[in-house]
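Atom set for the values below is all heavy atoms of this structure, side chains included, hydrogens, waters and symmetry mates excluded.
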Amino acid sequence: MGSELKDLNSKPAKTQQPDPNDDDASAKDHRPLLESTASSAAEDIQELEKKFAAFVRNDVYGSLGCGKLPLKEKLLLGIALVTLLPLRLLLVMSILVLYYLICKIFTLCSAPNLEEDQEDYAHLGGCRRAVILQSGRYLSRLLLFMVGFYWINETHKDSANTQDNSKTESTKQSEERVRPGAIVSNHLSYLDVLYHMSSSFPSFVAKKSVSKLPLVGLIGKCLGCVFVQRESKSSDFKGVAGIVTDRVRNAHQNELAPMILLFPEGTTTNGDFLLPFKTGAFLAGAPVMPVILRYSYRRFSPAWESISGVRHVVFLLCQFVNNLEVTRLPIYHPSQQEKDNPKLYANNVRKLMAAEGDLIVSDIGLAEKRIYLAALNGNNRLPNVLHQKND
């Protein structure tokens with residue numbers, strides 16, 4: 001990583017000694033130096049874009065959300081900052097507090113489930129669980145509406161690739177009634193979680209620190225989130241893969257168990273690519289439900305990559321309309337060969353999602369994303385050069 005960053009950022013410009021007899025030497029020599037620097041920067045950004053295409057922001061705000069904006073966009077942004085932003089922030093906080101209070105009331109006098117260093121309330125049954133689940137789905141959709149997702153275009157696809165053509169119709173229908181062990185989705189933004197909460201209210205993997213956060217911590221426990229503490233080295237700790245495998249298997253076998261949502265890519269992209277899948281969702285050998293998300297846009301992309309969280313939230317809330325397209329594929333039933341080989345299972349589901357979602361398969365991952373972000377942050381001229389190049 002260090003060597004790549006050094007190559008990207010260590011291109012010193014050569015200077016030429018001025019001729020003392022030439023009065024205009026300084027001006028003449030300075031001009032090609034500037035042109036050489038601009039040319040070098042343009043080559044840098046072109047190389048970065050080709051190599052890390054899955055993480056490149058292509059909206060009007062540019063890389064890191066710091067691109068030079070046209071006058072019209074500045075005016076729209078300025079108006080939204082004093083109107084939409086404060087109103088939406090108030091509404092978002094009100095919905096969040098309301099759901100927290102619902103979770104707090106319906107978990108009173110109830111001990112959390114404590115297993116494998118996890119703490120959750122997903123085991124609650126009866127009316128308490130029903131209220132937490134249904135109100136969570138409704139308020140998640142309301143929250144999406146408040147931030148501009150007024151309608152969500154959902155498509156349910158039937159794909160020949162997900163079923164064996166030799167199966168009888170009755171066998172297919174029987175399999176479709178089988179409960180999947182996990183929902184697997186491409187990952188573009190923190191908004192993905194809100195959509196899935198409004199649709200199926202699944203649990204998901206989160207950092208251990210999330211469980212300690214005000215408001216969000218209790219909500220995460222009610223979802224039944226798997227809280228990850230990677231530094232844990234306890235001899236009796238299963239690890240993330242072990243806990244996730246148990247959750248997937250349990251969700252597949254028990255209709256009352258919370259479904260688990262997994263993003264096999266392990267990081268976000270700009271929505272046009274699909275990164276290599278990790279095998280965590282596929283180790284149990286249980287059926288999975290593939291879901292493909294895509295955020296369409298004209299000005300600001302809701303995909304969260306190559307931009308800070310605060311800047312992303314502000315720009316998102318300042319955009320009056322946001323669009324989300326969802327493609328839900330049939331439950332994928334693994335073959336015996338796929339059950340025996342989780343890597344093969346993961347790769348086959350990835351190929352299917354790429355084909356059905358018209359996504360470009362890419363072999364880069366989180367490590368390359370960190371290199372790209374470090375290069376952008378270490379070279380402040382890149383966003384401006386990109387904008388000038390596009391103009």
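For the pair N186 and M353, the tightest heavy-atom approach, listed with the atom from each and the gap, is N-CE, 3.8 Å. Residues H187 and E265 share a closest heavy-atom pair of N-OE1, 2.9 Å. Of all heavy-atom pairs spanning T268 and S189, the tightest one is CG2-N, 3.9 Å. The minimum heavy-atom distance linking F201 with C222 is given by the pair CE2-O, 4.4 Å. Residues L223 and P202 come closest through the heavy atom pair CD2-O, 3.3 Å. Of all the heavy atoms in Y297 and Y295, the pair that sits closest is CD2-O, 3.6 Å.
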task = Would you please test L317 and L84 for side-chain contact (heavy atoms from CB on, under 4.5 Å) and show each step?
result = CA-CA 7 Å; L317 296 182; L84 273 181; over 6 Å; no

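No donor-acceptor pair under 3.5 Å is formed between the side chain of R328 and the backbone N or O of E154. Looking at Q319, its side chain never comes within 3.5 Å of a backbone N or O of L316 through a donor-acceptor pair. The backbone N or O of M259 lies less than 3.5 Å from a partner atom in the side chain of S203, making a donor-acceptor pair. In this structure, the side chain of D192 engages the main chain of L188 through a donor-acceptor pair within 3.5 Å.
By the salt bridge (charged side-chain N to carboxylate O under 4.0 Å, His left out) test, K221 is found to be paired with E119, residues two or more places apart in sequence or in another chain being considered. For F315, the ring pair (Phe, Tyr, Trp, His ring centres under 6.0 Å) partners at least two apart in sequence or on another chain are Y61, F300.
Looking at E73 and R299, a side-chain N of the basic residue comes within less than 4.0 Å of a carboxylate O on the acidic one, giving a salt bridge.
With values rounded to the nearest 0.5 angstrom, L194 atom CG is found 9.0 Å from F149 atom CZ. For the atom pair L142 CG and I95 CD1, the distance stands at 4.0 Å (nearest 0.5 Å). Remark: Y195 OH to S140 OG distance equals 12.0 Å, nearest 0.5 Å. The distance from the CG atom of L143 to the CG atom of L98 is 11.0 Å, given to the nearest 0.5 Å. We find the CG-OG1 distance between L275 and T269 to be 5.5 Å, quoted to the nearest 0.5 Å. With rounding to the nearest 0.5 angstrom, the OG1 atom of T245 is 12.0 Å from the CG atom of N250.
Side chains of S200 and M289 form no contact here, defined as non-hydrogen atoms less than 4.5 Å apart. At a threshold of 4.5 Å between non-hydrogen side-chain atoms, the residues L261 and S185 count as touching. Residues Y121 and L218 meet the side-chain proximity criterion, which asks for heavy atoms closer than 4.5 Å. Two residues are said to be in side-chain contact when any heavy atoms from C-beta on lie closer than 4.5 Å; R294 and T327 fail this criterion. Side-chain atoms of W304 and I307, non-hydrogen and from C-beta on, do get closer than 4.5 Å to each other. Between F282 and F277, the closest side-chain pair of non-hydrogen atoms falls below 4.5 Å. F55 has its side chain out of reach of L373: every pair of non-hydrogen atoms, C-beta onward, lies at least 4.5 Å apart. Counting only heavy atoms from C-beta outward, the side chains of L124 and S110 approach each other to under 4.5 Å.
Pairs passing the side-chain hydrogen bond (donor to acceptor under 3.5 Å, both in side chains) check and including a residue from residues 80-107, sequence neighbours excluded, read R88-Y150.
You'll find the ring centres of H312 and Y190 inside the 6.0 Å limit.
Defined by atom type and a distance below 3.5 Å, a donor-acceptor pair is present between the side-chain atoms of E338 and Y332.
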